[in-house]
Structure formats: structure tokens, C-alpha cells
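Here's the structure we're looking at; comments come further down.
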There are 2 protein chains.
Amino acid sequence: MRQPLEVIRNAGLKLTPRRREIALLFAETLKPLSPLEVQELLRKRFGRCGLPGVYRNLEALAECGLLLRLAGFGRERKYMFCPGQEKHHHHHIICVSCGKVGHVEGCLYHEGMMLGGYRVLSHIVQFEGLCENCLPKKP
Amino acid sequence: MRQPLEVIRNAGLKLTPRRREIALLFAETLKPLSPLEVQELLRKRFGRCGLPGVYRNLEALAECGLLLRLAGFGRERKYMFCPGQEKHHHHHIICVSCGKVGHVEGCLYHEGMMLGGYRVLSHIVQFEGLCENCLPKKP
DNA sequence: CTGCGTGCAAAGTATTTGCAAACCG
DNA sequence: CGGTTTGCAAATACTTTGCACGCAG
């Protein structure tokens, strides 16, 4: 797994305390977090922290590939840590019970293929399910 | 293809002018529309029309299966007409050039299957591409 | 030093709610 | 007639911007 702080440096971003805290928070948590949740967690751990800064950092970290923007229908933005290799195409599955994010390998869709008369340029694939730990609880 | 107005009646919703206009607008347009776009189109065609009513109707029509909420990353909500059978599992592909929505049959994922150690409960799959008409323009 | 990064306050956008009047069935 | 549905105004939720100060490189 790539080292979060290295990724930030390689992207030409400064490694400020705020940035470092956010990156490590996601690396430890491994769950989808909204900007507001990130702010609350940072406040508990490190004192004050402005929401605009959180938004800017989440975008910056998503831009450099460390975080992933989550697809969804609502107006709520969510990000999560993506520990995979940059060039490795894969998708994610989120546990509806505990929020843990898993990786799904072997995607069957790829750029350029034809589907229903269209040439595919990009796709969103995202799963919800139950992880190994939560399965026994909800059989 | 199901008759939009029938679907509304069967869902126990009243068939008001506003509702009828929205349903027919989507049935004719066959493109993803945001609440604001819907309001503007209705205003042009039928005079005034309140945004809250549009929001409520879009949700109601999505609830009864006539419209589909579009997945995405932004904060902008989009809906589109879904002329398929209710029980027929399929996904959609949106032309990035003209916005036309096509159907993709034969999804390879289904409820209950195991993926990466998770039991799948639901999934979002959505494509962007170029439709037959727009393909020649962008070779 | 220099310019990116930060917090704060304030501005934007998108969506939702309360309510009285209008309307379908 | 009675419960939905509607438009309007206002409230809410979420996100972005402007700006002066602070800190990494």
C-alpha cells in the first residue's frame, strides 16, 4: 500500500499538519466520511479546524488519487481512502452495517467497448453489501 | 412501454395537470433533467410552476418507478425517464454529447452474490459514452 | 523569502418545510 | 366534500469565496 504522506509530496502539495491529519484519518478509518464528519473528528483529535479547509483538502487529496469521491444520489458529499495502486482499475463495496470499504477486482467493463449501441467512455460501479464481520449478525 | 399516466394512477397518485406535464415532459425528452431544468421547461410550455412542486413531483414519480434518480458525484440532482418494465433489471448509458439515455441489458451483478468477501445487497452501475448519432462526430 | 495553506466570515446554491388556497376523484 | 397537491415565502443544508495571517519549503 502506498504511503499516504508520500503520495501527497509527490503530487507537489505541501505537507501541512492539517493535510497530514486528514490523510492519516482516512488511512486509519477506512470508511466513507463526509466533510462535516471529517471536521468533527479532527476537532476531537486536534482542536479547531475550519470547514472550508476540510473541503479544499478533500478535493486536493481526491485530485492526487489518495481519496476517492463516492458516487451517490444525495446532495451529501462523501470521500474514502483508496489504498490501491493508481493504475489498477477496481471498484468498491461499502458495508451497510459498519461502513467498511472493500475492493472488488476484475471489472467487466472497459473504455471503448460497445454497449447498447453506445461507445463506453466511462462508468460508475459501486456496491453496497455486508462485510465478513457483519454478515453473521444479519443472516 | 408502459403508459406514464397509467403508472401514476396505479401508484395511487392523483393525476394533476402539473404531474401530467412533468411525466409527459420526461417521456418526450428522454434525457436527464435537473429540477431547475424541469421548472424552466414547464414554464415555457405552461406558464408558472413552483420549484418545490417540481422537487416533490420528481421524488413522487421516482418513487413509483416512472423516473430514475441518476447517480453522480456532484450536488446536482438529475432524473430521467425509465421506459423499461418495472421488474426488468438493467442499467443506463448516457451520451455525453447529446444526453440521450440508452439501456444496457445483461447486468452481471445480482443481489446475494459474494464479491471480495462481502455479500452484495445492491449496486449502482452507470455508463457514460457516445450514442450512434454522436459517434461519427467524435471519431 | 515566497507562495501555498489556513481559519473566519460571508456569500452562493440547492433543497426542504409551513401554510393557505386550489383541485382531483 | 376530504385529503392531495400547489405556489409562495422562508428556512435549512451544504459548499464556495474573499481575505489577511501563518507556515512549509
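Scope of the values below: all heavy atoms of this structure, side chains included, with no hydrogens, waters or symmetry mates.
- With hydrogens and angles disregarded, no donor-acceptor distance shorter than 3.5 Å links the side chain of A:R119 to the backbone of B:L130.
- The CZ-C1' distance, from B:F46 to D:dG7, rounds to 17 Å in whole Å.
- Inter-residue side-chain proximity for A:K78 and A:M80 is flagged as unmet; no heavy-atom pair is nearer than 4.5 Å.
- Relative ring orientation between A:H123 and B:F127 is described as tilted, the plane-to-plane angle lying within the 30° to 60° band.
- For A:R18 and C:dG7, the shortest distance from a side-chain N or O to OP1 or OP2 is below 4.0 Å.
- If you take CZ of A:R43 and C1' of C:dC8, they are 11 Å apart, rounded to a whole angstrom.
- Side chains of B:V101 and B:K31 form no contact here, defined as non-hydrogen atoms less than 4.5 Å apart.
- The bend of the helix from C:dC1-D:dG25 to C:dG25-D:dC1, defined by the angle between the axes of its first five and last five pairs, stands at 50° to the nearest 10°.
- The separation between A:R48 atom CZ and C:dG5 atom C1' is 14 Å, rounded to whole Å.
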Heavy atoms under 4.0 Å is the rule here; annotate nucleotides 15-25 of chain D 5' to 3' with B where the base is hit, S where only the sugar-phosphate is, and - elsewhere. BBBB-----BS

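- Residue A:I8 contributes atom CD1, which lies 11 Å from atom P of C:dG5 at whole-angstrom precision.
- A:R19 contributes a side-chain N or O that, together with a main-chain N or O of A:K14, makes up a donor-acceptor pair within less than 3.5 Å.
- A:R20 has its CZ atom 16 Å from the C1' atom of C:dG5, to the nearest Å.
- Residue A:E111 qualifies as open at atom CD: its count of foreign heavy atoms under 6.0 Å is 12 or below.
- B:Y79 pairs in a side-chain hydrogen bond (donor to acceptor under 3.5 Å, both in side chains) with only one of the listed residues (B:E59, B:E37, B:R69), which is B:E59.
- We find that CD of A:E63 is positioned 16 Å from P of C:dC4, with the value rounded to whole Å.
- Between the side chain of B:Y118 and the main chain of A:I94, no donor-acceptor pair closer than 3.5 Å is present.
- Between the CD1 atom of B:I22 and the C1' atom of D:dT6 there is a distance of 11 Å, rounded to whole Å.
- Going from atom CG of A:L42 over to atom C1' of C:dG5 covers 15 Å, rounded to whole Å.
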